[in-house]
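Below: one structure, written as structure tokens.
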Amino acid sequence: MLPIWWFTGGMIRTLKWTLDSIKGAPGFFGLNVWIKNIFVPMYGDTSFVGRLVSFGVRSFMIFARGIGTFFLVILILIATAAYVLVLPVLLYLFFTHLSGVLV
């Protein structure tokens with residue numbers, strides 16, 4: 001019964017979780033807020049230098065948070081792949097061990 005649920009209902013739940021997590025990854029890091037405000041001066045400093053520093057800081061933060069988002073998505077995909085592969089691998093190992101014990 002477990003293998004049937006694992007690859008039907010469990011797989012559907014896992015794929016929904018994967019898609020929801022990937023969609024929410026930029027929001028987790030606040031990436032969209034940083035991108036939206038890239039040209040807004042920080043602390044209301046509207047001088048040229050203030051705008052330049054603000055743009056530089058926000059560009060760096062967008063880059064750093066983009067890397068964080070990328071690695072989070074990679075971890076989510078690894079977790080999904082582990083879910084897909086763990087049951088077949090365990091069943092294979094179980095039956096391999098069982099055949100060795102019975103022989």
Side-chain angles (χ1 to χ4, degrees):
M1 190 70 177
L2 176 66
I4 294 170
W5 177 85
W6 192 276
F7 288 110
T8 57
M11 185 66 70
I12 291 169
R13 288 179 59 189
T14 302
L15 291 178
K16 284 182 182 178
W17 172 83
T18 301
L19 292 175
D20 290 342
S21 298
I22 289 174
K23 286 180 192 175
F28 178 76
F29 285 99
L31 192 59
N32 50 355
V33 174
W34 284 88
I35 290 171
K36 185 177 91 171
N37 292 316
I38 191 165
F39 294 113
V40 176
M42 295 173 76
Y43 306 112
D45 186 4
T46 57
S47 67
F48 176 75
V49 174
R51 287 182 185 269
L52 190 64
V53 169
S54 176
F55 180 78
V57 168
R58 290 206 169 132
S59 297
F60 175 77
M61 290 304 295
I62 289 169
F63 177 74
R65 289 171 186 260
I67 290 173
T69 302
F70 174 75
F71 282 117
L72 181 60
V73 168
I74 295 298
L75 285 174
I76 291 167
L77 293 175
I78 288 171
T80 302
Y83 178 86
V84 170
L85 294 175
V86 73
L87 183 64
V89 169
L90 288 178
L91 288 174
Y92 170 75
L93 292 174
F94 173 76
F95 286 117
T96 304
H97 178 71
L98 186 64
S99 66
V101 171
L102 296 177
V103 171

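Note that these values count all heavy atoms, side chains included, but never hydrogens, waters or copies made by symmetry. Small disclaimer: the values here were computed from a predicted structure and weren't measured.
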Give every donor-acceptor pair under 3.5 Å between a side-chain atom in residues 20-29 and any protein atom, sequence neighbours left out.
unit_1	atom_1	unit_2	atom_2	d
S21	OG	W17	O	2.8
S21	OG	W17	NE1	3.4

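- In the hydrophobic cluster analysis, where Ile, Leu, Val, Met, Phe, Trp and Tyr join through side-chain heavy atoms closer than 4.5 angstrom, L15 is grouped apart from L72.
- Taken together through direct or relayed side-chain contacts under 4.5 Å among Ile, Leu, Val, Met, Phe, Trp and Tyr, V73 and L75 form parts of separate hydrophobic clusters.
- Under the 4.5 Å side-chain heavy-atom criterion for Ile, Leu, Val, Met, Phe, Trp and Tyr, V40 and I35 are members of distinct hydrophobic clusters.
- Qualifying side-chain contact (heavy atoms from CB on, under 4.5 Å) partners for V33, counting only residues two or more places apart in sequence or in other chains: N37.
- In this structure, L91 CG and L98 CG are separated by 11.5 Å, a value rounded to the nearest 0.5 Å.
- Annotation: side chain to side chain donor-acceptor pair (under 3.5 Å) contacts involving residues 52-66, sequence neighbours excluded, are absent.
- Scanning for side chain to side chain donor-acceptor pair (under 3.5 Å) contacts around D45 gives S47, with sequence neighbours left out.
- Residues meeting the side-chain contact (heavy atoms from CB on, under 4.5 Å) test with I78, sequence neighbours left out: I74.
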Worked verdict on R51 versus T46 for side-chain contact (heavy atoms from CB on, under 4.5 Å): CA-CA 6 Å; R51 287 182 185 269; T46 57; 4.0 Å; yes
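- Within the structure, ring-ring contact (aromatic ring centres under 6.0 Å, His included) pairs that include any residue of residues 30-64 comprise F39-F55 (at least two apart or interchain).
- Listed by chain and number, the hydrophobic cluster partners of V89 are Y92, L93, where partners are ILVMFWY side chains within reach of under 4.5 Å, directly or through others.
- Hydrophobic clustering places I62 together with V53 (ILVMFWY residues linked when any side-chain heavy atoms are closer than 4.5 Å, directly or through intermediates).
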Solution key, residues 5-14 side-chain donor-acceptor pairs under 3.5 Å, sequence neighbours excluded:
unit_1	atom_1	unit_2	atom_2	d
W6	NE1	Y83	O	3.0
T8	OG1	I4	O	2.6
T14	OG1	G10	O	2.8

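- Residue pairs satisfying the side chain to side chain donor-acceptor pair (under 3.5 Å) criterion with at least one member in residues 66-81, sequence neighbours excluded, are listed as follows: T18-T80.
- Transitive grouping of hydrophobic side chains (ILVMFWY, heavy atoms separated by less than 4.5 Å) brings M61 and M42 into a common cluster.
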